[in-house]
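Notes follow once the structure below has been shown.
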Amino acid sequence: MKDFQANKNPQAESKKTTIPPYMKAISGSFGGIVEACCLQPIDVIKTRLQLDRMGNYKGIVHCGATVSSTEGVRALWKGLTPFATHLTLKYALRMGSNAMLQSAFKDSDTGTLSNKARFLSGFGAGVLEALVIVTPFEVVKIRLQQQRGLSRELLKYKGPIHCAHTIIREEGLFGLWAGAAPTVMRNGTNQAAMFTAKNAFDVVLWKKHEGDGKVLQPWQSMISGFLAGTAGPVCTGPFDVVKTRLMAQSRDGGEVKYKGMVHAIRTIYAEEGLRALWKGLLPRLMRIPPGQAIMWAVADQIIGLYERRYFHSAAL
């Protein structure tokens with residue numbers, strides 16, 4: 001009777017059938033590659049809108065059309081190499097570290113994970129990815145994306161490697177970590193909300209518990225991932241705008257406009273108004289929730305294959 005009750009309790013069963021962190025990391029890296037290739041143009045448009053202080057772009061469609069007509073369609077994929085590499089490494093670190101933190105926070109007796117522990121695991125994973133991967137890669141990506149023009153010879157940064165070398169030479173190694181503070185706040189909050197919400201939507205919508213042997217259909221994973229990815233951008237909009245402004249400014253000309261995260265928030269609010277702190281929100285909402293939908297559709301299938309192979313008996 002006890003064995004039957006244990007098999008009917010997903011939380012008790014998950015203690016025996018925890019997905020290894022390395023499998024979570026692998027699933028995240030494959031999801032990141034697919035996401036980057038699909039959604040890079042939206043990220044370019046978001047960056048251009050956030051850096052537009054003169055009102056040159058009238059909106060998402062106008063920005064995309066302007067970039068395409070003046071710089072060519074390929075300009076919408078500017079920074080793809082660092083972006084794809086960044087997403088692949090970021091998701092591998094995010095998924096792997098989150099799994100490790102969840103294992104550390106689980107109750108040692110029951111194997112259960114509280115919502116608070118799940119939230120803290122997500123926040124810790126977001127902070128780690130922000131410091132190790134996100135900040136330096138996004139600095140390079142944003143510097144490449146903000147450049148205008150068709151001629152490679154006239155551009156300051158010739159490519160991601162040249163861009164990184166130039167930043168280190170002109171601004172020092174820590175130039176690659178410009179905007180680290182708002183990035184930490186943005187990513188920590190985003191991932192705390194995302195992992196908590198994804199698990200909740202999986203349970204509520206599809207009765208899916210980790211390790212139960214049930215594999216979600218890709219469309220089910222996409223719905224859960226999309227919904228989980230919507231809250232973060234709204235809450236962290238100011239951090240994202242400030243992060244982009246701090247990363248974009250170069251120190252080779254002497255004095256910089258923004259001295260830090262708090263100074264940037266105050267300056268943007270004073271000069272451009274409160275709404276400017278949410279510039280680029282719509283393209284973020286067009287990119288992040290669909291990005292999470294794509295990533296989780298891929299990741300859940302990889303994790304599902306692992307569960308079916310090693311935890312098949314858990315579904316019986």
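The figures here come from the full heavy-atom set of this structure, side chains too, leaving out hydrogens, waters and symmetry mates. One is the number of the first residue; the rest follow in order along the sequence.
Around atom CE of Met261, more than 12 heavy atoms belonging to other residues, nucleotides or ligands sit under 6.0 Å away. Within a 6.0 Å sphere centred on CZ of Phe30, other residues, nucleotides and ligands contribute 12 heavy atoms or fewer. Shown here is Leu305, whose CG atom has more than 12 heavy atoms of other residues, nucleotides or ligands within 6.0 Å. Annotation: His62, atom NE2; neighbour count of heavy atoms from other residues, nucleotides and ligands within 6.0 Å is above 12.
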Given Arg53 and Arg245, is the side-chain contact (heavy atoms from CB on, under 4.5 Å) satisfied, shown in steps? CA-CA 11 Å; Arg53 298 177 191 149; Arg245 296 285 181 93; 3.9 Å; yes
Test Gln147 against Arg143 for side-chain contact (heavy atoms from CB on, under 4.5 Å), laying out the working first. CA-CA 7 Å; Gln147 296 185 123; Arg143 295 289 180 90; over 6 Å; no
Could you walk me through whether Leu246 and Val242 pass side-chain contact (heavy atoms from CB on, under 4.5 Å), step by step? CA-CA 6 Å; Leu246 289 173; Val242 169; 3.7 Å; yes
Taking it one step at a time, do Glu138 and Thr183 satisfy side-chain contact (heavy atoms from CB on, under 4.5 Å)? CA-CA 10 Å; Glu138 288 210 357; Thr183 306; 5.5 Å; no
Under the salt bridge (Lys or Arg N to Asp or Glu O under 4.0 Å) rule, what do Lys207 and Asp202 come out as? Steps first, then yes or no, please. CA-CA 6 Å; Lys207 304 297 185 291; Asp202 281 350; over 6 Å; no
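Salt-bridge formation is detected for the pair Arg48/Glu71: a Lys NZ or Arg NE/NH1/NH2 atom is positioned less than 4.0 Å from an Asp or Glu carboxylate oxygen. One finds a salt bridge joining Asp300 and Lys198 here, because a Lys/Arg side-chain nitrogen approaches an Asp/Glu carboxylate oxygen to under 4.0 Å. Of the charged side-chain nitrogens involved, at least one lies within less than 4.0 Å of a carboxylate oxygen, so that Arg94 and Glu129 count as a salt-bridged pair.
One distance of note links OG of Ser29 with CD1 of Ile302; it measures 7.0 Å at 0.5 Å rounding. Taking CE from Met295 and NZ from Lys90, the interatomic distance works out to 9.0 Å, rounded to the nearest 0.5 Å. Interatomic distance, OG of Ser27 versus CE of Met23, reported as 6.5 Å (0.5 Å rounding). Taking CG from Leu80 and CD from Gln145, the interatomic distance works out to 10.0 Å, rounded to the nearest 0.5 Å. With rounding to the nearest 0.5 Å, the separation of CG in Asp107 from OG1 in Thr112 is 4.5 Å. Rounding to the nearest 0.5 angstrom, the gap separating the CG atom in Leu51 from the CG atom in Asn56 is 11.5 Å.
With hydrogens and angles disregarded, no donor-acceptor distance shorter than 3.5 Å links the side chain of Lys208 to the backbone of Leu205. Thr135 places no side-chain N or O within 3.5 Å of a backbone atom of Leu131 that could act as its donor or acceptor partner. Between the side chain of Gln146 and the backbone N or O of Thr47 there is no donor-acceptor pair closer than 3.5 Å. In this structure a side-chain-to-backbone donor-acceptor pair under 3.5 Å is present from Trp278 to Val234. Remark: the backbone N or O of Lys78 is paired with a side-chain donor or acceptor of Gln40 at under 3.5 angstrom. Side-chain atoms of Thr236 never come within 3.5 Å of backbone atoms of Phe239 as a donor-acceptor pair (strictly under, hydrogens ignored). The backbone N or O of Tyr57 sits less than 3.5 Å from a side-chain atom of Asp52, completing a donor-acceptor pair. When atom types are taken as modelled, the side chain of Thr230 and the backbone of Leu227 share a donor-acceptor pair closer than 3.5 angstrom. In this structure, the side chain of Thr189 does not engage the main chain of Arg186 through any donor-acceptor pair within 3.5 Å.
Between Val215 and Gln301, some side-chain heavy-atom pair lies under the 4.5 Å cut-off. Put simply, the side chain of Arg118 reaches to within 4.5 Å of the side chain of Asn199, judged on heavy atoms. Using a 4.5 Å heavy-atom threshold, the side chains of Trp177 and Pro136 count as touching. Annotation: side chain of Pro290 is in contact with side chain of Leu39 (closest heavy-atom distance under 4.5 Å). Two residues are said to be in side-chain contact when any heavy atoms from C-beta on lie closer than 4.5 Å; Val184 and Asn187 fail this criterion. The side-chain heavy atoms of Leu87 and Ile33, taken from C-beta on, include no pair separated by under 4.5 Å. The shortest distance between side-chain heavy atoms of Pro233 and Asp240 does not fall below 4.5 Å. In this structure the side chain of Thr267 reaches within 4.5 angstrom of the side chain of Tyr258, judged on heavy atoms.
Across every non-hydrogen atom of His263 and Lys259, the tightest pair is ND1-N, 3.1 Å. Across every non-hydrogen atom of Pro283 and Ile42, the tightest pair is O-CG2, 3.2 Å. Scanning both residues, Ala276 and Ile268, for their nearest heavy atoms gives CB-CG2, 3.7 Å. The minimum heavy-atom distance between Lys279 and Leu49, with the atom names listed, is CD-O, 4.0 Å. Ala84 and Ala36 get closest at one heavy-atom pair: CA-CB, 3.6 Å. Closest of all the heavy-atom pairs between Ser97 and Ala125 is OG-CB, 3.4 Å.
With no hydrogens or angles considered, a side-chain donor-acceptor pair links Thr244 and Gln50 at under 3.5 Å.
Residues Leu282 and Val44 fall into different hydrophobic clusters, defined by Ile, Leu, Val, Met, Phe, Trp and Tyr side chains chained together at heavy-atom separations under 4.5 Å. Leu173 and Ile142 fall within the same hydrophobic cluster, defined by Ile, Leu, Val, Met, Phe, Trp and Tyr side-chain heavy atoms under 4.5 Å apart, directly or through other members. Under the 4.5 Å side-chain heavy-atom criterion for grouping Ile, Leu, Val, Met, Phe, Trp and Tyr, Met194 is connected to Met95 within one hydrophobic cluster. Under the 4.5 Å side-chain heavy-atom criterion for Ile, Leu, Val, Met, Phe, Trp and Tyr, Phe137 and Leu128 are members of the same hydrophobic cluster. Note on Tyr22: it does not cluster hydrophobically with Val132, by side-chain heavy-atom contacts below 4.5 Å among ILVMFWY residues.
Trp296 and Trp219 have their aromatic ring centers separated by at least 6.0 angstrom.
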